[in-house]
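First up is the structure itself, then whatever we jot down about it.
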Amino acid sequence: MNSLKILEESSLTMERVLPVAIEITDSERKMIKDAVDHLERKYETFENREFVMQVHQLASYFLPERLLKVLASFASDFSKDQYGALIFQGLFDIDQEKIGTTPANWQSADYSKFNQYGFACALLHGALPSKPVQYYSQRKGGGLIHAIIPDEKMRETQTGSGSATDLYVHTEDAFLKHQADFLSFMYIRNEEQVPSTLYSIRSHETIHEEYRPLFDPIFKIPKDANLQNEADEIDTLDAILYGNKELPFMRFDAAEQLFNPDIKQTDIAHHALSKFWQEAKDLIYSDFTPQSGDVIIVNNHLCAHGRSAFRAGVRNINGVEHSCERRIMLRMMSKVSLIDMRGHTLKEDPFFVIEEHLGKNFKDF
Ligand SMILES: [Fe+2]
């Protein structure tokens with residue numbers, strides 16, 4: 001196991017917690033590929049309900065033992081040493097020719113090309129164990145994986161389709177009570193060499209006294225830039241930190257909770273959030289640049305993610321700009337329990353989440 005843990009320069013004694021990177025061996029990669037080939041023959045698509053229902057057993061049966069151990073301990077380790085992100089380097093060989101030119105946007109992507117990668121990611125979630133689910137709030141459902149592709153028309157937005165501005169760190173769907181527990185980001189291509197951006201609540205040395213108000217339900221938690229906020233939703237309040245008081249979880253979205261011009265937090269709320277962000281922004285980690293076939297697994301309660309601004313389709317080599325294929329990343333989200341969120345899933349499909357905002361469901365269902 002190759003750990004990226006390093007000594008923090010500003011501190012002589014404190015070791016800063018960092019994501020753990022695991023290099024997949026050739027034999028492990030072959031095991032995963034063979035498993036995916038077999039599962040694809042048997043179930044055709046990773047969306048097949050039989051496959052998704054049995055994904056835990058199938059993961060135990062097919063995944064390399066080392067990965068099973070790492071994933072199991074990751075899922076239940078909320079300690080001070082757990083960053084909340086795992087990097088699997090070279091999990092899967094990506095057939096670049098088969099993918100072809102990057103489509104203009106996620107709407108025009110051919111998902112059949114991502115089928116094998118969907119199986120591989122689902123097995124990782126299965127091993128945690130956690131169940132792949134889809135959210136109506138994200139692209140009206142649309143399946144268990146989302147292709148994140150820079151879209152020229154959306155380049156300035158705070159969404160997965162943006163590129164020209166920094167995407168602020170956020171936990172996914174911070175505006176939902178039943179947000180995903182775990183996320184996977186599989187990099188199909190990253191020719192622009194955009195570093196991943198991660199920020200863990202565990203990077204704070206301590207939860208200062210002045211952060212205490214973050215545990216109180218006094219914060220406006222607006223929806224993200226993909227969605228419209230109704231007046232009643234702006235006024236619904238919740239906490240930013242929750243769970244254990246010393247080793248908390250977080251629902252955090254700097255862009256929406258702190259910098260959305262339509263949102264006015266109370267003075268107490270604004271002060272606590274600003275203080276928190278002042279420290280948090282210097283704890284953001286962006287030293288890892290994912291390569292094709294890498295997968296990052298994130299505990300969405302411990303670790304936020306974002307992205308630096310980049311020029312889609314441009315690769316800089318020694319100061320010279322070259323055109324390249326635009327980036328493609330596949331996101332999958334999962335929940336540990338289908339029971340806990342049953343009030344917010346489709347009557348006929350407990351894997352389909354219809355929560356719109358902090359415990360309120362979309363009216364269409
Ligand atoms: Fe996100």
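Both ligands and their constituent atoms are indexed starting at 1 by order of listing. Treat the numbers as computed from the prediction; the structure is a model and nothing was measured.
- A side-chain contact (heavy atoms from CB on, under 4.5 Å) with Leu86 is found for one member of Ile22, Leu67, Ile296 and no other, namely Ile22.
- For the Fe ion (ligand 1), protein N/O/S neighbours under 2.8 Å (waters excluded) are His170 NE2, Glu172 OE1, His305 NE2.
- Close placement of the Phe62 and His38 rings is indicated, their centers lying within 6.0 Å of each other.
- For an aromatic pair to be called close, the ring centres must be under 6.0 Å apart, and Phe362 with His344 fails this.
- For Phe276 and Phe252, the distance between ring centers is under 6.0 angstrom.
- Ring-centre distance between Phe46 and Phe114: not below the 6.0 Å cut-off.
- For Ser323, there are no side chain to side chain contact (heavy atoms under 4.5 Å, CB included) partners two or more places apart in sequence or in a different chain.
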